[in-house]
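Throughout, a chain's letter reflects where its sequence line sits, starting with A, and its residues are numbered from 1.
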Amino acid sequence: MDFLQLTAPQAAAQLLGNLLISETPEGRVCGRIVEVEAYTQDDPASHTFKGHTARNNSMFQQAGTAYVYFTYGMHYCINIVTDKEGTGSGVLIRAVEPVEGIEIMWRRRYKEDMPATTARQRLLNLTNGPGKVAQAFGITREDDGVNLLDTSGIIRLESDSTTEAWRLFNTTRIGISQAKDVLWRWHTDSPYVSKTRP
DNA sequence: AATGCGATGGTCT
DNA sequence: GACCATCGCATTT
């Protein structure tokens with residue numbers, strides 16, 4: 001994960017394929033990162049654009065720190081902080097592909113036990129968006145500021161050695177009103193990618 | 001398929 | 001008081 005020392009747009013695509021893990025009393029959940037977006041301090045779409053505040057403090061910490069923010073009154077989203085300490089930048093995890101703990105994700109997302117037979121759309125809907133990933137992994141404001149590279153952490157990042165090939169796509173970011181034309185979103189050809197078109 | 005909108009609360013002006 | 005790095009549901013094509 002040495003590439004996390006790079007700027008967010010340089011590091012972002014290298015996060016694809018790596019694993020996000022959550023180990024709470026409910027159990028272990030693991031997902032492969034399939035969609036990311038970069039945000040930097042001089043980027044009008046970034047929470048850090050207007051400077052260092054209490055809310056965005058984590059984004060200025062060392063690379064590998066989690067920046068978890070609350071938005072629209074109900075959703076959490078997680079970023080992986082990149083670049084040098086003191087620089088407000090990070091990579092938003094927009095989607096993961098479930099690898100382990102699907103039953104736990106299901107319970108967190110739908111507030112019910114996972115049935116024996118499931119529709120494909122219900123499975124994709126578990127983690128095909130940033131707010132959904134946070135909910136499926138049980139990520140909340142409690143996790144803001146933790147070191148994702150700490151191997152004993154509850155929420156953590158793990159590099160994956162399996163050499164799996166996927167197609168790489170590079171598009172504009174989703175859901176922003178500033179810097180709409182900047183190509184800082186990257187995703188694989190996974191069906192768990194939130195939106196095919198920007 | 002695509003579009004529209006309400007929910008709901010923290011953050012900043 | 002306005003604005004959100006969203007989601008789910010309703011309505012229209």
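- A cation-pi arrangement is present between Arg122(A) and Tyr110(A), with the terminal nitrogen or guanidinium carbon under 6.0 Å from the aromatic centre and inside a 45° cone about the axis.
- For the pair Arg141(A) and Tyr76(A), the NZ or CZ position fails the cation-pi test of under 6.0 Å to the six-membered ring centre and within 45 degrees of the ring normal.
- Among the heavy atoms of the strands lying under 4.0 Å from Leu92(A) is at least one base atom, whether or not backbone atoms are also near.
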Expected rows: protein N/O vs nucleotides 11-13 of chain B N/O, under 3.5 Å:
residue	atom	partner	partner atom	Å
dC12(B)	OP1	Thr53(A)	OG1	2.8

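- Side-chain atoms of Asn125(A) and Gln121(A) form no donor-acceptor pair, as typed in the model, at a separation below 3.5 Å.
- Under the 3.5 Å distance criterion, with hydrogens and angles disregarded, a donor-acceptor pair is assigned to the side chains of Thr24(A) and Arg108(A).
- A side-chain N or O of Thr48(A) and one of Ser46(A) form a donor-acceptor pair less than 3.5 Å apart.
- Side chain of Glu37(A) to main chain of Ile174(A): a donor-acceptor pair is present (N/O by atom type, distance under 3.5 Å, no hydrogens or angles).
- For Asn56(A) (side chain) and Gly51(A) (main-chain N/O), a donor-acceptor pair under 3.5 Å exists by modelled atom type.
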When you look at Thr140(A) and Val68(A), which way does the side chain to side chain contact (heavy atoms under 4.5 Å, CB included) test go after all the steps?
CA-CA 7 Å; Thr140(A) 68; Val68(A) 178; 6.0 Å; no
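- A salt bridge between Glu100(A) and Arg28(A) is present, with a side-chain N of the basic residue lying under 4.0 Å from a carboxylate O of the acidic one.
- The pair Asp181(A)-Arg173(A) does not meet the salt-bridge criterion, since no charged nitrogen lies less than 4.0 angstrom from a carboxylate oxygen.
- First and last contacting nucleotides of DNA chain C toward chain A (any atom under 4.0 angstrom from a heavy atom, 5' to 3' order): dC4(C) to dG8(C).
- In this structure, a donor-acceptor pair under 3.5 Å is present between the side chains of Gln10(A) and Thr7(A).
- Salt bridge Lys195(A)/Glu35(A): absent, no basic N to carboxylate O contact under 4.0 Å.
- For the residue pair Asp144(A) / Ser58(A), a side-chain donor-acceptor distance below 3.5 Å is found, with atom types taken as modelled.
- A heavy atom lying under 4.0 Å from DNA chain C marks the following residues of residues 124-140 of chain A, by number: Asn125(A), Gly129(A), Pro130(A), Gly131(A), Lys132(A).
- Between Tyr69(A) and His47(A), the gap from one ring centroid to the other is short of 6.0 Å.
- Annotation for Asp43(A) and Ala38(A): closest pair OD2-O, 4.1 Å, computed over non-hydrogen atoms.
- Annotation: proximity of residues 94-107 of chain A to DNA chain C (heavy atom, distance under 4.0 Å) is found for Arg94(A), numbered in ascending order.
- If you check the side chains of Gln135(A) and Arg109(A), you find a donor sitting under 3.5 Å from an acceptor.
- Sorted by residue number, the members of residues 69-88 of chain A with any non-hydrogen atom under 4.0 Å from DNA chain B read Phe70(A), Tyr72(A), Gly73(A), Met74(A).
- Pairing analysis of DNA chain B (Watson-Crick: purine N1 to pyrimidine N3 plus N6-O4 or O6-N4; G-U wobble: N1-O2 and O6-N3; both under 3.5 Å) yields stems of 3 or more pairs at B:2-7 with C:6-11, B:9-12 with C:1-4.
- With respect to the salt-bridge test (charged N to carboxylate O, under 4.0 angstrom), the residues Glu23(A) and Arg156(A) qualify.
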